[in-house]
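This chain uses plain numbering: 1 for the first residue, then up along the sequence. One-based numbering, in listed order, for ligands and for the atoms of each. Since this is a predicted model, take the numbers as computed values, not measurements.
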Amino acid sequence: MLQVEQLRKAFEGFQAIADARLSVPKGEVVAVIGPNGAGKSTLFNLITGHLQADSGHIRFQNEEITNLAPYKICHKGMARSFQLINIFPSLTVLENVQTSVLAKHRLDQNFFRPSKKLLIEETLEVLESFGLFEYKDRSCSSLSYGDQKVLEIAIALGSKPELLLLDEPTAGMSSEETRKIVNLIKRLSQEKGLTILLTEHDMELVFDVAQKIMVLQQGKTIAQGLPEDIRNDKAVQNAYLGETGLC
Ligand SMILES: Nc1ncnc2c1ncn2[C@@H]1O[C@H](COP(=O)(O)OP(=O)(O)OP(=O)(O)O)[C@@H](O)[C@H]1O
Ligand SMILES: [Mg+2]
């Protein structure tokens with residue numbers, strides 16, 4: 001579904017991404033792991049068009065998408081959540097999800113006009129399936145941190161993507177909130193057949209949900225493959241996993 005080849009990105013001479021490679025098969029949950037500053041968020045920003053690559057290729061469903069604008073990539077069927085929560089705090093829960101449902105139907109330019117009733121059923125369905133229905137009329141800023149993260153994923157899914165990118169979906173969460181997100185990821189993958197690409201520092205979560213893992217170190221892909229192969233990879237152990245206590 002997604003292929004990244006020889007991707008490079010420098011920030012004022014600092015090579016943040018230096019030969020990143022990644023292949024995401026349709027229907028799988030794939031995790032990108034690596035130490036702080038390895039380039040995981042930068043890679044996601046390049047894939048979704050929020051940053052421009054210096055060189056290399058990104059293909060999504062066999063189509064070159066390198067350096068396309070984020071909204072064009074979104075319309076092709078890719079959606080994401082951010083490492084820091086990215087919602088409209090003053091809008092209600094329902095209005096937040098409605099923005100992405102409207103965008104999916106290319107009605108987003110009309111959003112501030114009489115769109116309130118537009119696609120309301122579809123929006124309510126998304127809220128229902130995320131357990132957010134009862135909060136629909138509350139302002140987003142009144143939700144707990146964990147529910148705001150769930151809402152951010154709901155917003156991303158409002159556009160009915162084929163591929164969902166989650167940048168540290170459980171960062172800063174309690175263990176109960178983390179479990180909720182893990183169950184959500186499994187449900188989206190197993191029941192909806194959604195392809196998911198995520199970054200995480202929580203290795204237990206990664207080895208629980210991922211069917212494939214890619215390891216990034218100083219912007220370079222040093223390994224990718226099945227979880228058991230990654231766990232046993234000497235280079236990966238030395239670079240990262242050794243210090244997590246997982247091997
Ligand atoms: N806009 C930018 N300008 C300059 N340097 C940047 C910029 N964005 C990221 N960097 C640098 O690029 C490197 C990779 O950052 P990135 O945020 O992608 O790492 P990460 O793997 O997501 O880290 P974390 O696990 O802490 O989220 C870091 O050294 C960071 O300081
Ligand atoms: Mg990051």
Inspect the surroundings of CD in Gln211 and state if more than 12 heavy atoms from other residues, nucleotides or ligands are less than 6.0 Å away. yes
Given Ser41, Gly34, Gly13, which one has a non-hydrogen atom that is nearest to atom 22 (O) of ligand 1? Ser41
Nearest heavy atom to atom 28 (C) of ligand 1, choosing from Pro35, Ala171, Gly37, belongs to Gly37
Could you tell me whether [X] and [Y] make a salt bridge, using a distance below 4.0 angstrom between a side-chain N and a carboxylate O?
X      : Y      : result
Glu162 : Lys76  : no
Asp54  : Arg8   : no
Glu152 : Lys149 : yes
Glu122 : Lys160 : yes
Lys212 : Glu28  : no
Lys40  : Glu168 : no

For [X], atoms of ligand 1 separated by under 4.0 Å from a heavy atom:
X      : answer
Thr42  : 9 (C), 14 (C), 15 (O), 16 (P), 18 (O)
Glu168 : 24 (P), 25 (O), 27 (O)
Ala16  : 12 (O)

Heteroatom N/O/S of Ser41 within less than 2.8 Å of the Mg ion (ligand 2): yes
So for Glu12, does at least one of its heavy atoms come nearer than 4.0 angstrom to any atom of ligand 1? no
With respect to Gly39, determine whether any N or O atom, backbone or side chain, lies less than 3.5 Å from an N or O atom of ligand 1. yes
Tell me whether Ala38 has any N or O atom under 3.5 angstrom from an N or O of ligand 1. yes
His201 and ligand 1 - part of the residue with a heavy-atom distance under 4.0 Å: side chain
